[in-house]
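Below is one structure, written out as structure tokens, with a few remarks after it.
Residue numbering restarts at 1 for every chain, and letters A, B, ... go by the order of the sequence lines. Below, all heavy atoms of this structure are taken into account, side chains as well, without hydrogens, waters or symmetry copies.
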Amino acid sequence: DAGITQSPRYKITETGRQVTLMCHQTWSHSYMFWYRQDLGHGLRLIYYSAAADITDKGEVPDGYVVSRSKTENFPLTLESATRSQTSVYFCASRVGTSGIVETQYFGPGTRLLVL
Amino acid sequence: AQSVTQLDSHVSVSEGTPVLLRCNYSSSYSPSLFWYVQHPNKGLQLLLKYTSAATLVKGINGFEAEFKKSETSFHLTKPSAHMSDAAEYFCVVSEEYGNKLVFGAGTILRVKS
């Protein structure tokens with residue numbers, strides 16, 4: 001049971017470059033999420049998706065783009081990376097039961113350094 | 001808007017002594033609350049969640065949390081700390097049936113031998 005995986009686990013890039021972080025889940029969960037974790041802020045929601053081709057902004061979406069053409073994949077793209085996007089990025093997923101608070105399950109994270 | 005305040009950024013206990021990690025929340029309606037744990041260089045793991053059923057919630061690894069509406073608190077406890085409990089703990093409040101999670105800043109728990 002692979003669960004939820006992220007790739008790459010570590011990435012170093014330069015300012016202005018485009019970077020794509022991958023997230024893959026094997027549970028067929030409807031919802032998927034991207035968070036960033038910075039010291040003193042806990043995790044903050046970047047984008048989320050309720051199903052294929054349905055995405056919505058979270059708390060800190062600026063500078064990021066997402067897509068979801070398949071249920072199991074939810075890539076996050078930094079179109080032109082900036083130093084302020086140096087962070088640890090977590091992907092999460094959950095089932096989509098209507099009206100019930102379901103648990104989000106998190107991937108292992110991707111550490112991104114923008115030079 | 002909902003918010004979470006974790007009252008201690010660091011907590012240090014001796015192995016075998018009780019653990020108390022404090023969390024206060026702000027919510028305009030009946031909240032759902034979670035505690036997650038993050039071990040170094042790992043992802044987040046759910047410890048327990050409160051969703052308006054019993055106010056005392058039991059989680060994994062001997063952890064418990066009590067929802068107190070009058071105090072707007074959801075403190076995490078464990079009777080006896082183990083070395084493996086050393087990690088960072090996040091209190092989380094949920095909007096939209098678990099879609100928008102609002103995280104506290106985290107509490108780092110250190111367990112001394």
[X] versus chain B, heavy atoms under 4.5 Å apart: side chain, backbone, both or neither?
X: R9(A); result: side chain
X: L45(A); result: side chain
X: Q37(A); result: side chain

Got more than 12 heavy atoms from elsewhere within 6.0 Å of [atom1], [X]?
X: I60(B); atom1: CD1; answer: yes
X: F63(B); atom1: CZ; answer: yes
X: I12(A); atom1: CD1; answer: no

Could you tell me if the side chain of F34(B) sits less than 4.5 Å from the side chain of Q104(A), heavy atoms only? no
Is any side-chain heavy atom of L101(B) closer than 4.5 Å to one of Y48(A)? no
Residues L44(B), Y35(A); criterion side chain to side chain contact (heavy atoms under 4.5 Å, CB included); working and verdict: CA-CA 12 Å; L44(B) 282 79; Y35(A) 294 88; over 6 Å; no
Would you say [X] and [Y] are hydrophobically clustered, going by side-chain heavy atoms of ILVMFWY under 4.5 Å?
X: Y89(A); Y: V60(A); result: yes
X: Y50(B); Y: V37(B); result: yes
X: L76(B); Y: V13(B); result: yes
X: Y47(A); Y: L112(A); result: yes

State, to 0.1 Å, how close L43(A) and F90(B) come at their nearest heavy-atom pair, and which atoms those are. CD1-CZ, 4.4 Å
Counting heavy-atom pairs under 4.5 Å with chain A, the top scorer among Q45(B), Q38(B), E88(B) is Q38(B)
Which of G58(A), P108(A), G109(A) touches chain B most, by non-hydrogen pairs under 4.5 Å: P108(A)
